[in-house]
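In what follows, a structure is listed as structure tokens, so that the remarks can point back to it.
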Amino acid sequence: MSIKIYNTLTRQKETFVPLEEGKVKMYVCGPTVYNYIHIGNARPAIVFDTVRRYFEYRGYEVVYVLNFTDVDDKLIKAANELEEEVPDIADRFIEAYKEDVGAFGVKEAVYHPRVTENMDEIISFIKSLISKGYAYETEGDVYFRTRQFDNYGKLSHQSVDELRSGSRIEVGEKKEDPLDFTLWKEAKEGEISWNSPWGNGRPGWHIECSTMAKKYLGDTIDIHAGGQDLTFPHHENEIAQSEAHNETDFARYWMHNGYINIENEKMSKSLGNFVLAYELIKQHDPQMIRFFMLSVQYRHPINFSAELLESAKNGFERIRNAYENVKHRQETCMNLTDDKEEWLQEIERMNQTFIKEMDDDFNTANAISVLFDIAKSANLYLQKEQTDSEVLQGYADLLKNLTHVLGLEIETAQELPDEEVDTKIKEREQARKDRNFQKADQIRDELKEKGIVLEDTSQGTRWKRG
RNA sequence: GGCGGCAUAGCCAAGUGGCAAGGCAGAGGACUGCAACUCCUUUAUCACCGGUUCGAAUCCGGUUGCCGCCUCCA
């Protein structure tokens, strides 16, 4: 079995074949760090982290690179408004980014390159493009000569002429052609800048990714990923730069995630419906948010609303409950069932189904439906009067491993109840034995106010954080 | 104008030729002292019109509606 990926380049699912056996070189376009991230930024972080985790689960080594754009127009604007220096703002929001996506269970990239730390490489990349005739300098700016690159438009499937006729691109006076894009931008008075052969300035937006992908992963990489909106012009321009420069294919598989809408409307500043990740995390379990995002195929749009989050919360709770049910039963299980092989086979069958679904272009929606199947199956097993330890362990491991592949933490933080709570539970159990239900209910209500929910099972009372 | 996507139950969402997954919500039932957890039962002319086929949600043509990109944007 092999993994299939929908490749934007060819507009179809293709069997993934790595450049180097057992290794995946993956570059994901990261954030421009001028503000806190919103949930739209969180989606690619979560989606491609899941892709990475799945590759790792399937035995690949993943060299995962996620860049930070730490200098550009938006950062300079923010610096002016906040009366701070660009590097300070960048540092601050990089930390905020890591904290936010960390809450969603996103692993740290292997490399987190920053534009400002790769200035020499960027400048020499541009110099090389100029010497090859793909770029030209005009009055301190450097532009890429788009028409010079024959395959321009192969990712977004646009021809140069179509782009031009429909374009609203301003004809820059310094450009030879409206389609040409900036590689190096001359600094205005007082702006942060770097010295270059063309004077003081800063890199254009696209050149950083070409340069850093090459530096950390090589001329050709396996997977390049980002939001759907980056397809054009950002990724198209990266291809032009990199392939003109390296004279070989830039990326073999291009992956793009879909948008997030808020209450059926596009998230936009003018509508004022931006949802910042850190604010959302204050109100909701970030793990549940991740679960919610993965419940839809990554290329499809997701709508975001309080109602849908509630639905996701309940669904995720069901899976967590199943796991807790199994764990709880393990304390009192035996080794008596004679049909244990059948159950173990069932467990393995579901494991294989999960893999089959994820192999198909990371179909997390179907993978999650397998988690529900496992939950149901485990709960049914638990209805038996006698259970086998190996089967229970099989369910526990399966649920834990597969949720982990999706970056979900199934084990809720269960600090031990303090002595007072412990005593209350014992007290209540005695009351129930004495059939003093009024007292029992009173204790249960009391604990509920403290956020502790009690559940009576045939194997005794257990509790959890509500 | 160019390129592309989507339309499946009250809601969310899989399914790309063979009796329409799964979840949430609702209803009924079982278990329980009552709850909770859990289990069982229950809800679909797959936007519309043609065509291809033994057979279509799925392929082809058309219609309608919504959305994205072509400009900074995840």
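Chain A is the first sequence line, chain B the second, and so forth, proteins listed ahead of strands; every chain is numbered from 1. This is a predicted model, so every value here is computed, not measured.
Under the Watson-Crick and G-U wobble criteria, each requiring two contacts below 3.5 Å, nucleotide B:U71 is left unpaired. Under the Watson-Crick and G-U wobble criteria, each requiring two contacts below 3.5 Å, nucleotide B:G50 is paired to B:C60. When Watson-Crick and G-U wobble pairs are counted only if both distances are under 3.5 Å, B:C37 pairs with no nucleotide at all. The nucleotide B:G65 finds its pairing partner in B:C6, both defining distances of the Watson-Crick or G-U wobble pair being shorter than 3.5 Å.
Using a 4.0 Å heavy-atom cutoff across all strands shown, A:H38 reaches at least one base atom of the nucleic acid. Residue A:G226 is in sugar-phosphate contact alone, with no base atom involved, counting any heavy-atom pair closer than 4.0 Å across all strands shown. At a threshold of 4.0 angstrom between heavy atoms, the contacts of A:S156 are confined to the sugar-phosphate backbone, with no base atom among them. Contact annotation for A:M293: no contact, since no heavy-atom pair falls under 4.0 Å across all strands.
The pair A:E81-A:K77 counts as a salt bridge, with a side-chain nitrogen and a carboxylate oxygen less than 4.0 angstrom apart.
B:C49 and B:C40: their C1' atoms are spaced 42 Å apart (whole Å). Here, B:C48 and B:A35 have their P atoms 44 Å apart, quoted to the whole Å. Across B:A57 and B:A74, the matching P atoms stand 41 Å from one another, rounded to whole Å. The separation of B:A44 from B:U38, taken at their P atoms, amounts to 25 Å, rounded to a whole angstrom. Separation of the P atoms belonging to B:A20 and B:C46 is 10 Å when rounded to the nearest angstrom. Separating the C1' atom of B:G61 from that of B:C54 is a span of 22 Å, rounded to the nearest Å. Remark: the separation of the P atoms in B:G29 and B:C34 is 14 Å, to the nearest Å. Nucleotides B:G23 and B:G33 are separated by 28 Å at their P atoms, to the nearest Å.
With no hydrogens or angles considered, no side-chain donor-acceptor pair links A:K356 and A:N366 at under 3.5 Å. Using modelled atom types and a 3.5 Å distance limit, the side chains of A:E348 and A:Q352 yield a donor-acceptor pair. Using modelled atom types, one finds a donor on one side chain and an acceptor on the other under 3.5 Å when comparing A:S377 with A:Y395. In this model, no donor atom of one side chain and acceptor atom of the other lie less than 3.5 Å apart for A:N67 and A:Y111. A donor-acceptor contact closer than 3.5 angstrom is absent between the side chains of A:E324 and A:H328.
One donor-acceptor pair, N or O on each side, does fall under 3.5 Å between the base of B:C34 and the side chain of A:D456. Taking only distance into account, the side chain of A:R444 never meets the base of B:A36 through a donor-acceptor pair shorter than 3.5 Å. For B:C24, the base has no donor-acceptor partner in the side chain of A:R318 [N/O atoms by modelled type, under 3.5 angstrom]. Judged by distance alone with a 3.5 Å cut-off, a donor-acceptor contact links the side chain of A:D441 to the base of B:G33.
Close to B:C12, at under 4.0 Å from its OP1 or OP2, lies no side-chain N or O of A:N314. Here A:N325 does not reach the OP1 or OP2 of B:U38: none of its side-chain N or O atoms lies under 4.0 Å away. In terms of phosphate contacts, A:K154 brings no side-chain nitrogen or oxygen within less than 4.0 Å of OP1 or OP2 of B:C3. OP1 or OP2 of B:C69 lies within a sub-4.0 Å distance of a side-chain N or O belonging to A:Y259. In this structure, A:H256 does not reach the B:G4 phosphate: none of its side-chain N or O atoms is under 4.0 Å from OP1 or OP2. An OP1 or OP2 oxygen of B:A74 is reached within less than 4.0 angstrom by a side-chain nitrogen or oxygen of A:N41.
Here the nucleotide nearest the side chain of A:Q158, chosen from B:C3, B:G33, B:C40, is B:C3. Listed nucleotides: B:C34, B:A14, B:U38. Nearest to the side chain of A:Q383: B:U38. Comparing B:C39, B:A14, B:A36 by their nearest atom to the side chain of A:A365 picks out B:A14. In the set B:A74, B:U38, B:C3, B:U38 carries the atom at the smallest distance from any side-chain atom of A:N379. In the set B:C3, B:C37, B:A74, the nucleotide with an atom closest to the side chain of A:P44 is B:A74. For A:S311, whose side chain is taken as the heavy atoms from C-beta onward, the closest listed nucleotide among B:C37, B:C24, B:A13 is B:C24. Distance from the side chain of A:I260 is smallest to B:A74 among B:A74, B:C34, B:G15. Nearest to the side chain of A:L230, among B:A36, B:A74, B:G68, sits B:A74. The nucleotide whose nearest atom lies closest to any side-chain atom of A:N321 is, among B:A74, B:A36, B:U38, B:U38. Here the nucleotide nearest the side chain of A:K376, chosen from B:G22, B:C39, B:A74, is B:C39.
When rounded to the nearest whole Å, the span between CD of A:Q297 and P of B:C12 equals 18 Å. Spacing between atom CD of A:Q12 and atom P of B:G4 amounts to 14 Å, rounded to whole angstrom units. Summarising the geometry, the separation between CG on A:N303 and P on B:C66 is reported as 17 Å, rounded to the nearest angstrom. When rounded to the nearest whole Å, the span between OH of A:Y34 and C1' of B:C72 equals 8 Å. Rounded to a whole Å, the CG atom of A:D373 is 7 Å from the P atom of B:G23. Between A:E265 atom CD and B:C67 atom P the separation is 10 Å, expressed in whole Å. For A:K384 and B:U38, the NZ to P distance is 20 Å, given to the nearest whole Å. Protein atom NZ of A:K77 is 15 Å distant from nucleotide atom P of B:C72, rounded to whole Å.
Considering only heavy atoms from C-beta on, A:E208 stays 4.5 Å or farther from A:D72 through its side chain.
Both thresholds, 5.5 Å between centres and 30° between ring planes, are met by A:F437 relative to the base of B:G33, so the two rings are stacked.
Judged by closest nucleotide on RNA chain B, A:L454 is the one of A:K74 and A:L454 placed further toward the 5' end. With RNA chain B read from its 5' end, the first of the two nearest nucleotides for A:R435 and A:I302 is the one closest to A:I302.
A ring-ring contact (aromatic ring centres under 6.0 Å, His included) with A:F316 is found for exactly one of A:F291, A:Y323, A:F372, namely A:F291.
Aromatic ring centres of A:F362 and A:F55 lie closer together than 6.0 Å. A ring-centre distance under 6.0 Å is not found for A:F68 and A:F93.
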